Protein chains: 4
Amino acid sequence: MNLRARTLEAKQQKRQKILEAAKELFFNKGYYGTAIEMITEKAGVSTGTFYLYYTNKIEIYKALQNEGLDILVDKITKVISWPGMSSLAKLSEIARAYFEYYNEHREYFDIISILSAIPDELKETQTEISRVIDNKAYNLLKVIEGVVKEGIENGEFISMDTWKVTNTFWGLMDGLILLDERNNTRNVIGIGLEDLIKQALEMAFYGIVKQRPG
Amino acid sequence: MNLRARTLEAKQQKRQKILEAAKELFFNKGYYGTAIEMITEKAGVSTGTFYLYYTNKIEIYKALQNEGLDILVDKITKVISWPGMSSLAKLSEIARAYFEYYNEHREYFDIISILSAIPDELKETQTEISRVIDNKAYNLLKVIEGVVKEGIENGEFISMDTWKVTNTFWGLMDGLILLDERNNTRNVIGIGLEDLIKQALEMAFYGIVKQRPG
Amino acid sequence: MNLRARTLEAKQQKRQKILEAAKELFFNKGYYGTAIEMITEKAGVSTGTFYLYYTNKIEIYKALQNEGLDILVDKITKVISWPGMSSLAKLSEIARAYFEYYNEHREYFDIISILSAIPDELKETQTEISRVIDNKAYNLLKVIEGVVKEGIENGEFISMDTWKVTNTFWGLMDGLILLDERNNTRNVIGIGLEDLIKQALEMAFYGIVKQRPG
Amino acid sequence: MNLRARTLEAKQQKRQKILEAAKELFFNKGYYGTAIEMITEKAGVSTGTFYLYYTNKIEIYKALQNEGLDILVDKITKVISWPGMSSLAKLSEIARAYFEYYNEHREYFDIISILSAIPDELKETQTEISRVIDNKAYNLLKVIEGVVKEGIENGEFISMDTWKVTNTFWGLMDGLILLDERNNTRNVIGIGLEDLIKQALEMAFYGIVKQRPG
DNA sequence: AATGAATGAGAGTTCATTCAT
DNA sequence: CATGAATGAACTCTCATTCAT
């Protein structure tokens with residue numbers, strides 16, 4: 001490993017350290033509750049150094065969003081790559097994986113979702129990264145749609161608009177987790193999120209109506 | 001036009017004018033993107049006047065939350081009060097009403113939900129209004145649960161945990177609207193929110209699986 | 001009593017009520033800690049009414065100074081008007097009266113003295129009232145000087161510069177009370193103010209040196 | 001000239017410059033009459049810089065009090081350390097030193113004493129520095145008491161309560177200076193403060209009564 | 001005479017960003 | 001590359017004073 005490489009690596013490490021500090025702070029204090037100085041102090045670098053690695057406050061926030069999304073996409077892609085699973089099982093696994101992600105990486109979750117304070121700047125300036133993020137999310141949905149299509153083809157699911165169902169399915173998951181974020185479901189509603197998701201799958205798969213019309 | 005508000009009614013009107021200005025700004029610029037001075041300028045009053053009507057910035061935000069929730073509760077309560085509706089129709093109506101509310105009062109929706117920036121102060125100080133809001137939301141869910149229970153009793157729905165289903169149902173709606181908020185569904189996903197909700201009801205009611213196991 | 005008189009009297013009463021409220025607040029919260037609204041609220045009148053009776057905040061502060069000084073002058077004048085007292089006894093009585101005044105009317109004392117926040121405006125604009133106050137204080141000292149002179153003439157005191165001694169004497173009293181204001185002497189120094197004043201008189205009258213030089 | 005203060009010394013200098021500006025302003029305009037912006041402007045720094053060196057307005061005021069008291073304690077301690085002085089001479093020197101301090105450092109004097117506006121905040125929050133200041137003042141009095149005790153032991157003074165006398169003595173000095181602060185003695189009373197203090201010492205040492213009783 | 005809603009300048013403080021070293 | 005002192009606009013909130021009613 002030559003000097004250049006070592007230096008490059010060291011740079012990456014510093015960048016990561018700053019990101020790590022920012023993640024924790026954004027998660028705990030929110031975007032507006034986090035000052036650059038808090039990040040640099042936690043990361044053990046100077047204020048100026050921050051701007052050497054990130055152009056501004058918004059940028060690091062977006063970087064975090066990006067990273068968090070990568071982890072999620074990875075997780076879900078992996079889960080449905082196992083052979084021998086029915087489409088139904090795959091959808092179930094996707095829900096489980098999302099739930100797991102929410103549990104294990106809530107910091108990222110909060111930063112990805114609009115739950116936390118949305119910097120206005122983020123909405124207004126549709127920058128490079130914003131588009132990257134939107135793209136990744138879109139692709140993820142397309143992967144899920146693949147599962148739905150497969151289920152219809154192999155006769156597991158009824159015939160339906162796969163794109164609509166996919167989005168609905170995803171919205172359902174998001175909505176439940178959102179519920180949890182808002183209330184901490186177990187305390188307020190009295191049901192744990194895990195149970196709620198299982199119920200949702202039950203409902204999504206088999207419906208709640210006894211007799212179909214006609 | 002903007003003379004001294006000497007009567008109680010005139011005072012209420014001015015209070016409302018300030019609230020209106022705040023609503024629009026909070027909606028467009030978010031909590032942190034909105035300065036008191038922007039509100040007062042829009043409302044056509046002076047800085048000091050703001051503090052004559054609201055004790056501080058958070059307070060007016062909460063007032064807005066409260067007002068918005070009241071409208072929603074009203075809307076949903078009304079919709080299920082019509083006689084001669086099946087439970088299924090009622091659930092359907094609830095979804096429609098929520099969707100309508102989102103369309104007609106998106107400003108309120110953004111302020112109620114955690115979508116917009118959550119002022120840290122709002123979380124920390126669990127004030128009177130915060131509790132009122134939580135309560136109203138809880139009661140709304142209880143009303144919906146009533147519909148679900150009714151549906152089971154009269155044989156429309158299968159037997160199930162009503163509280164779980166209610167929350168799942170609500171989460172589904174929330175999740176879809178959230179999706180829309182994030183992406184503006186029609187542009188990104190290519191499906192209008194209305195269609196998506198219809199699909200969701202279809203799914204929730206009848207499921208997507210062809211043959212139930214066993 | 002005709003209508004005019006009743007009205008006039010009523011006006012005086014309102015003026016007094018405002019003054020009373022101001023006194024208590026200035027004493028407890030200081031000049032800058034007291035807002036006009038606090039005064040009017042306590043007095044049970046409206047904000048506007050305040051400005052009907054006093055031209056501004058400073059003015060009422062000065063009125064209070066004036067009133068307080070009148071009481072003090074009265075007290076001291078009375079005390080030395082009794083016949084058959086030696087000059088020494090008179091000086092002693094003056095000290096006692098001042099101490100008593102401080103105890104009974106600390107609100108006024110704090111407002112008269114420079115102890116409390118001195119509004120800058122008070123220093124800068126040498127207004128009517130300021131001059132009145134200075135005058136009264138000067139006259140009071142002149143009265144005391146009369147006692148000193150008398151004491152020299154009747155052979156009680158040694159021959160000395162009466163004006164210097166008078167001011168010194170007054171400064172001594174002021175200084176001790178100041179000490180008390182600052183520390184609450186009993187708690188910090190461990191001696192009550194009354195004892196301290198007695199000691200001061202002892203010292204002022206007889207000195208602390210054993211053998212006069214020469 | 002006002003470049004970045006990179007060395008520790010340069011930082012100390014800037015801190016001092018801000019302090020100096022504050023001292024002059026607090027002295028001339030009082031605590032409430034002095035705005036942070038006035039201080040920074042005078043010191044030639046920006047608003048933000050102020051808060052780099054002092055946490056808030058009160059803090060710099062206390063820092064000034066502390067510094068001023070240090071100078072006084074130093075002055076008085078030095079003055080009585082000379083060998084070969086009688087206790088009487090020492091007391092006389094203490095008075096002279098205090099007078100000198102008042103003349104040379106009136107800014108500090110006004111800030112230490114309660115003469116200037118007492119920020120309410122200062123009273124309420126009994127912070128670290130407040131206690132340090134109280135302590136220093138107490139210790140100063142104890143030093144003076146040492147002189148009085150010595151005087152009694154070596155037969156210069158009559159036997160008396162040394163702590164009472166010390167406080168009385170100090171109160172006398174304070175009272176006279178206070179008189180001067182209030183009136184500018186030379187103009188109003190017609191006697192310079194210096195003469196007044198000399199007279200006070202004369203009185204304190206030898207008394208004003210011709211014949212002691214008994 | 002009395003009211004009290006309205007004003008708006010000004011206060012103390014924060015913080016993203018810059019740039020000389 | 002790294003630093004961290006410096007900036008100054010922007011923020012929320014206060015309050016003496018005015019004046020239409």
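This structure is a prediction, so every number in the text was calculated from the model and none was measured. Order of the sequence lines sets the chain letters (A, B, ...), proteins ahead of strands, with each chain counted from 1.
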Given that B/Gly48 and D/Thr49 both sit by DNA chain E, which one's nearest nucleotide is further toward the 5' end? B/Gly48
For a quick test of reading the model: is some side-chain N or O of D/Tyr53 closer than 4.0 Å to OP1 or OP2 of F/dA5? no
Test: A/Lys57 cationic atom under 6.0 Å from A/Tyr51 six-membered ring centre, within 45° of axis: no
Starting at CD1 of D/Ile18 and ending at C1' of F/dT7, how long is that distance when rounded to a whole Å? 13 Å
Within this structure, what is the CD-to-P distance between C/Glu37 and F/dT14, rounded to whole angstrom? 11 Å
Think A/Lys57 has a side-chain N or O under 4.0 angstrom from the OP1 or OP2 of E/dC15? no
Please give, in whole Å, the distance from E/dT17 P to A/Ile60 CD1? 12 Å
Nearest-nucleotide pick for C/Thr47, side chain only, options being F/dA16, E/dA5, E/dG8: E/dA5
From the list F/dT3, E/dT13, E/dT17, which nucleotide is the closest neighbour of the side chain of D/Ile36? E/dT13
Once you apply a heavy-atom cut-off of 4.0 Å, does D/Thr40 come out as touching a base, just sugar-phosphate, or nothing? nothing
How many Å lie between OH on A/Tyr54 and C1' on E/dA16, as a whole number? 17 Å
Just by distance, with hydrogens left out, do C/Gln16 and C/Gln12 show a side-chain donor and acceptor under 3.5 Å apart? no
Honestly, is B/Lys23 close enough over B/Tyr61, meaning NZ or CZ under 6.0 Å from the six-membered ring centre and within 45° of the axis? no
Nearest listed nucleotide, side chain of B/Asn56, among F/dC13, F/dC15, F/dT7: F/dC13
Find the distance B/Phe50:CZ to F/dC15:C1' and express it as a whole number of Å. 17 Å
Just call it for B/Thr55: base, sugar-phosphate, or nothing, with non-hydrogen atoms closer than 4.0 Å on any strand. nothing
For the residue pair A/Ile39 and A/Ile18, what are the closest heavy atoms and their distance? CG2-O, 3.8 Å
Side chain to side chain, D/Tyr54 and D/Arg15, heavy atoms closer than 4.5 Å: yes
Under 4.0 Å between a side-chain N/O of B/Tyr51 and OP1 or OP2 of F/dC15, yes or no? no
CD (A/Glu24) with more than 12 external heavy atoms under 6.0 Å: no
Looking at every heavy atom in both B/Thr40 and B/Ser46, which two are closest together, and how far apart are they? CG2-O, 3.6 Å
Dot-bracket, DNA chain F: Watson-Crick or G-U, under 3.5 angstrom, [ ] crossing, | other strand? .||||||||||||||||||||
Contact between C/Lys17 and C/Tyr53 at the side-chain level, heavy atoms closer than 4.5 Å - yes or no? no
Using whole Å, what does the distance between atom C1' of nucleotide E/dT14 and atom CG of D/Leu52 come to? 12 Å
In this structure, how many angstroms lie between the P atom of E/dA2 and the NZ atom of C/Lys17, rounded? 12 Å
Using the closest heavy atom to pick a nucleotide of DNA chain E for each, name whichever of A/Ala35 or C/Lys14 lands nearer the 5' end. C/Lys14
B/Arg15 has an atom CZ; how far is it from atom C1' of E/dA6, in whole Å? 17 Å
Quick check for you: among F/dT7, E/dA16, E/dT3, whose closest atom lies nearest to any side-chain atom of D/Ser46? F/dT7
With the side chain of C/Val45 defined as its heavy atoms from C-beta on, choose the nearest nucleotide among E/dA5, F/dT3, E/dT3. E/dT3
